[in-house]
Amino acid sequence: MRHITKGSVFDALERDPGEAVKLKVKAALFDVLIAYIEEHKLTQQEAADRMGVQRSRVGDLMRGQISRFSIDALVVMAGRVGIDPIKAAA
């Protein structure tokens with residue numbers, strides 16, 4: 001039996017609507033942080049320095065390891081490089 005998803009993939013993955021929203025916010029923050037790094041042509045170390053994290057954290061970000069980050073950590077990283085996390089998550 002096929003399951004047709006209405007909405008986003010996150011809605012399909014999570015039965016709890018609150019958890020689905022949390023994943024959507026994390027994904028949006030991931031996208032803007034990766035876009036920032038690529039747009040500014042930063043090395044992982046340069047991005048880490050600007051975001052105030054270890055280089056390995058930027059590596060996790062670039063590899064899409066979304067489960068390794070809290071929304072709080074992503075908000076702080078975005079804020080440190082001048083990205084408005086509220087607009088990014090909207």
Side-chain angles (χ1 to χ4, degrees):
M1 174 159 70
R2 285 182 32 187
H3 174 75
I4 307 279
T5 300
K6 294 183 180 179
S8 79
V9 67
F10 299 115
D11 293 326
L13 290 173
E14 288 294 336
R15 294 178 191 256
D16 178 353
E19 288 297 315
V21 169
K22 185 171 88 172
L23 286 173
K24 289 178 194 176
V25 169
K26 286 174 80 171
L29 290 167
F30 250 70
D31 288 346
V32 297
L33 289 169
I34 291 170
Y36 175 87
I37 293 167
E38 291 173 349
E39 180 181 315
H40 290 87
K41 297 178 174 43
L42 300 175
T43 66
Q44 287 187 6
Q45 188 59 58
E46 290 167 335
D49 291 344
R50 290 185 188 190
M51 294 178 188
V53 297
Q54 294 180 350
R55 191 216 45 83
S56 63
R57 296 292 281 161
V58 174
D60 290 340
L61 178 77
M62 299 305 289
R63 286 190 305 278
Q65 301 293 315
I66 198 166
S67 64
R68 294 182 180 239
F69 291 86
S70 67
I71 289 176
D72 292 347
L74 294 169
V75 165
V76 169
M77 291 167 69
R80 287 179 178 156
V81 294
I83 296 170
D84 183 342
I86 295 170
K87 287 181 183 175

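Numbering of residues begins at 1 and proceeds along the displayed sequence.
By the side-chain hydrogen bond (donor to acceptor under 3.5 Å, both in side chains) test, Asp31 pairs with no residue at all, sequence neighbours left out. Listed by chain and residue number, Val21, Leu29, Ile71, Ala89 satisfy the side-chain contact (heavy atoms from CB on, under 4.5 Å) test with Val25 (two or more places apart in sequence, or in another chain). Remark: Arg55 engages Gln44 in a side-chain hydrogen bond (donor to acceptor under 3.5 Å, both in side chains) (not counting sequence neighbours).
Residues Glu46 and His40 are not in side-chain contact: their nearest non-hydrogen atoms beyond the backbone lie 4.5 Å or more apart. Between Leu61 and Ile37, some side-chain heavy-atom pair lies under the 4.5 Å cut-off.
The shortest non-hydrogen separation linking Ile83 to Leu33 is CD1-CD2, 4.1 Å. Ala27 approaches Ile66 most closely through the heavy-atom pair N-CD1, 3.7 Å. Between Gln65 and Phe69 the shortest heavy-atom distance is O-CD1, 3.4 Å. Nearest heavy atoms, Lys26 versus Leu74: O-CD1, 3.9 Å.
In Gln45, the CD atom is crowded: over 12 heavy atoms of neighbouring residues, nucleotides or ligands sit closer than 6.0 Å.
Put simply, CG on Asp16 and CG on Leu23 are 10.0 Å apart, with the number rounded to the nearest 0.5 Å. Here Met51 contributes atom CE and Tyr36 contributes atom OH; the two are 7.0 Å apart, rounded to the nearest 0.5 Å.
Under the 3.5 Å distance criterion, the side-chain polar atoms of Arg57 are matched with a main-chain donor or acceptor of Arg68.
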